[in-house]
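Shown next, in structure tokens, is the structure this report addresses.
Computed from a prediction, not measured in an experiment: that's the story for all the values here.
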Amino acid sequence: MSEKTGLLRNVDLFSPLDERQLQAIAKRAVEKSYSKGDLIILEEDEANQSFFILAEGQVKVFLTSVEGREAILAMLEEGDFFGEMSLLDGENRSASVQALEKTRLFTISREDFLATLSENSELTLTLLGELSRRLRKSNRQVSSLSQMRVYGRIAASLLQLMEQKGIRTRSQDGKRMVVIHDRPKQQEIAEMAGTTRETVSRVLRNLQKKGYIALSGRDLFILQEDELKT
């Protein structure tokens, strides 16, 4: 129970709640584990209407076109949540979610979550604000992908990763930079940008030559943030 409560406390969505309310939600949460590659949610699934909180691991949220191509909408890690849309409207899932590594989740059923919302008006307002933020972000992402050329789309994907999991730091010579630990594979970046792995590889090499980014093992360093934005 203490682990569940501690995790909930660190999720922005539940920040308005006091300890008693957090414990009430924790009692309703069920732990589930998934292996790398497991599908947690399938797009258009009507049976699974639970809310998910990531306790450990990493997942990708994606759409699949009629041609079978994937477009990654988000990469989520510990403390993130997903599945809130179907909770509210009861409709089929709008996207698929897959575990990228061994993943542990806490799930809350639609019935239990709606009961929690009815008891906590502040939580309802916070959830609506989060839904609005995510919708605006998705709209910007779709707009960017449709208007940018491939070079710009890949740069935008790197900036999106920076926003999600980047850590601001300084190099040994004191210059500002952002490090992204355990960066996605090139195929995953390609799916985020709507292009091919080969194109991503070529663009990343070009960005390294220009000194905008650097790669070291699984770490990606953004050295010239402003240049990626132009």
Side-chain angles (χ1 to χ4, degrees), residues 1-19 21-36 38-43 45-63 72-141 160-161 163-166 182 184 188 192:
M1 180 66 70
S2 59
E3 182 190 8
K4 293 180 184 179
T5 305
L7 179 64
L8 292 172
R9 188 182 296 110
N10 291 324
V11 176
D12 290 342
L13 178 63
F14 298 109
S15 58
L17 305 186
D18 58 29
E19 190 68 18
Q21 294 168 325
L22 287 174
Q23 290 180 1
I25 296 177
K27 289 179 180 178
R28 293 167 170 165
V30 177
E31 181 176 335
K32 292 187 177 182
S33 296
Y34 297 86
S35 299
K36 179 180 179 180
D38 285 352
L39 274 175
I40 301 168
I41 290 177
L42 183 62
E43 188 178 348
D45 185 6
E46 61 181 15
N48 190 338
Q49 293 186 344
S50 296
F51 177 78
F52 297 82
I53 305 168
L54 264 164
E56 180 182 345
Q58 185 182 49
V59 305
K60 67 175 179 180
V61 183
F62 65 97
L63 299 174
I72 296 180
L73 303 179
M75 309 278 281
L76 305 179
E77 298 180 325
E78 179 180 341
D80 289 326
F81 62 88
F82 58 92
E84 70 284 351
M85 297 277 294
S86 292
L87 281 179
L88 296 179
D89 59 21
E91 297 293 327
N92 296 351
R93 294 297 187 179
S94 58
S96 298
V97 181
Q98 185 178 33
L100 296 177
E101 56 189 56
K102 184 178 179 181
T103 297
R104 195 161 53 92
L105 302 165
F106 291 126
T107 71
I108 304 173
S109 70
R110 182 171 189 261
E111 180 180 358
D112 284 341
F113 193 83
L114 291 179
T116 302
L117 289 180
S118 67
E119 297 166 1
N120 301 280
S121 59
E122 288 187 355
L123 177 58
T124 303
L125 293 175
T126 303
L127 177 59
L128 290 175
E130 177 63 21
L131 288 174
S132 177
R133 185 189 69 81
R134 290 191 178 195
L135 180 59
R136 289 179 185 275
K137 182 178 179 180
S138 296
N139 286 342
R140 288 197 301 268
Q141 184 177 355
Q160 179 184 344
L161 288 170
E163 179 182 337
Q164 291 178 347
K165 54 188 299 186
D182 194 25
E188 292 167 341
M192 294 177 68

Using 30° and 60° as the class boundaries, would you call the ring planes of F52 and F82 parallel, tilted or perpendicular? parallel
Restricting to non-hydrogen atoms, name the atom on A99 and the atom on V59 that form the minimum distance, rounded to 0.1 Å. CA-CG1, 4.1 Å
Taking all non-hydrogen atoms of both residues, which atom of T107 and which atom of S50 are closest, and how far apart? CB-CB, 4.3 Å
For residues Q98 and L39, report the shortest heavy-atom separation together with the two atoms involved. CB-CD2, 4.0 Å
Partner residues of E101 under the salt bridge (Lys or Arg N to Asp or Glu O under 4.0 Å) criterion, sequence neighbours left out: none
According to salt bridge (Lys or Arg N to Asp or Glu O under 4.0 Å), who are the partners of R104, at least two apart in sequence or on a separate chain? E3, E31, E56
If I compare all heavy atoms of L100 with all of K36, which pair ends up nearest, and what's the gap? O-CG, 3.4 Å
May I ask you to decide whether E188 forms a salt bridge with K60, counting only side-chain N to carboxylate O separations under 4.0 Å? no
side-chain contact (heavy atoms from CB on, under 4.5 Å) assessment of E19 paired with R9: CA-CA 8 Å; E19 190 68 18; R9 188 182 296 110; 2.8 Å; yes
Can you name the one residue among I53, V97, I40 that meets side-chain contact (heavy atoms from CB on, under 4.5 Å) with L105? I40
Taking all atoms of both residues into account, what is the closest heavy-atom pair of K165 and D182, and its distance? NZ-O, 3.1 Å
Residues A55 and F106: closest non-hydrogen pair is CB-CE1, 3.8 Å
Rounded at 0.5 Å granularity, tell me how far NZ in K4 sits from CD1 in I108. 9.0 Å
D38: what forms a salt bridge (Lys or Arg N to Asp or Glu O under 4.0 Å) with it, not counting sequence neighbours? none
